Amino acid sequence: MFASFDFDVIWRTLPYLFLEGMRFTLMLTVLATVGGVILGTLLALMRLSGIKALSWIAAGYSNILRSLPLVLVIFWFYFLIPYIGQWITGASRPMAVGAFTSALVTFTLFEAAYFSEIMRAGIQSIPRGQQSAGYALGLTYWQNMRYVVLPQAFRNMLPVLLTQTIILFQDTSLVYVLSITDFLGAASKVAQRDGRLVEMYLFAAVVYFAISFALSRLVKRLQARTAIAR
Amino acid sequence: MIEIKNVHKFYGAIQVLKGCTTTVSKGEVVVVCGPSGSGKSTLIKTVNGLEPFQAGDIVLDGISLKDPKTDLPKLRVRAGMVFQNFELFPHLRVIDNLCLAQEKALGRTRAEAEAKGRQLIERVGLSAHIDKFPGQLSGGQQQRVAIARALAMDPIVMLFDEPTSALDPEMVTEVLDVMVELAKSGMTMMVVTHEMGFARKVADRVIFMDRGEIVEDARKEDFFGKPRSERAQMFLSKILQH
């Protein structure tokens, strides 16, 4: 049944698919994860701070973003960021924002909502006595967080954080709505140019599966290794 | 050294401390005992500001905890605290547990902190375990590390919150031995404990608490000889039966 298929098209376009498409996908995934975890951790700290206004803002933020479809948020930010940029800098025209920057900002802000929930659970999983011990030794709030609570919270939550990253890796393909050439976008362009839809989409599926599956196996291994002995 | 003046504390509508007043002088060892829920752990945690209180005042080394200008982290360095559940940092090796606050709160260099840490770990007899993680040690060993960690900050007073309550019976002695040695070295200590043997051996005074009140605050000889209050008599007869 594969007789009429031309799998050679994959070989011919491999450099384009990976050096352009996959490079973009991985860069977006990694940078949005790093940004999302940092922002998410700050949101989690705000949520747990006991200061009503801060915790209300953080809760509102993650509740709103988690209730919106990602595609909508991507669109929204793509068209909105130039105007926000204009407003902030006071320029006379909407700021020119590249597609990559726009996608990165969107994914960072969107993922932060999810990472904040994960980090909140992680921080709450650390017994209160640990914080008391830190305070009793004369550490300040930030020192206590930096050296006592967050390292343990990260370690406990590493498998969940990585699982969220795998989801993010797949979700980055949604940037196709901005006509950005991520891995799926590159495959899709080749497919339509050469009329090889089945081959290219099949190949894209295999690649996404292979990477996601390999990562989830890695998560399993980490889970076993990082459990802290108490 | 510690002055507790008419301290009241509420959890919502429930009053857990009802006007507690006492003092601990330099070099004194004071044991706080009483039935569970009597507020003794809460009282000792108010001394270094871990538990806030609503009325009254506590003066630690001449500095008032009620004063909003008081730099709590700085003040806490002077009061070492040992917890019921040890609360070593499980992600740090023993030596790093001892060094962390020395470096971050006292600004000592790593070399100074390590020298101090090694000296104290030797004092509690655990030099062989310095590179292990807390999870690799027994409960008694963990509590001795916790005592060394608190001592590393050069506190002027040590607070113990039921230091042997979470330990298996065979490990209680090793921890008490360290505490007895510490008391004999002249350290000012406030100890919440049920270990009456420890109290008999090294305490200067015994405070008996019940339902958030200090019912009895007496010299050791008087307390074990003939406590004045009925509640203290009952408590003693219950725990000294065995």
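Here is the naming used below: chain letters follow the sequence lines, and residue numbers restart at 1 for every chain. Here the structure is a predicted model, which means the values were calculated and not measured.
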Heavy-atom contact with chain A under 4.5 Å, split by part of [X]:
{"X": "B:Asn48", "value": "side chain"}
{"X": "B:Ala146", "value": "neither"}
{"X": "B:Phe83", "value": "side chain"}
{"X": "B:Arg149", "value": "both"}

**Prompt:** Which of parallel (below 30°), tilted (30 to 60°) and perpendicular (above 60°) describes A:Phe100 and A:Phe24?
**Reply:**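 Geometry flag for A:Phe24 against A:Phe100: perpendicular rings.
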
**Prompt:** Do the rings of A:Phe110 and A:Tyr114 sit parallel, tilted or perpendicular, given the 30° and 60° boundaries?
**Reply:**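 Answer is tilted, since the angle falls between 30° and 60°.
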
**Prompt:** Can the ring centroids of A:Tyr147 and B:Phe89 be said to lie less than 6.0 angstrom from one another?
**Reply:**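 Ring-ring flag for A:Tyr147/B:Phe89: false, centres at least 6.0 Å apart.
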
**Message:** For A:Phe183 together with A:Phe18, are the ring centres under 6.0 Å from each other?
**Reply:**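 For A:Phe18 and A:Phe183, the ring centres are under 6.0 Å apart.
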
**Prompt:** Are the charged groups of B:Arg118 and B:Glu122 less than 4.0 angstrom apart, N to O?
**Reply:**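 Answer for the salt bridge query: no.
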
**Prompt:** Of the listed residues (B:Leu137, B:Val77, B:Leu100), which shares the most heavy-atom pairs with chain A below a 4.5 Å separation?
**Reply:**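 Sorted descending by pairs with chain A, the first entry is B:Leu100.
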
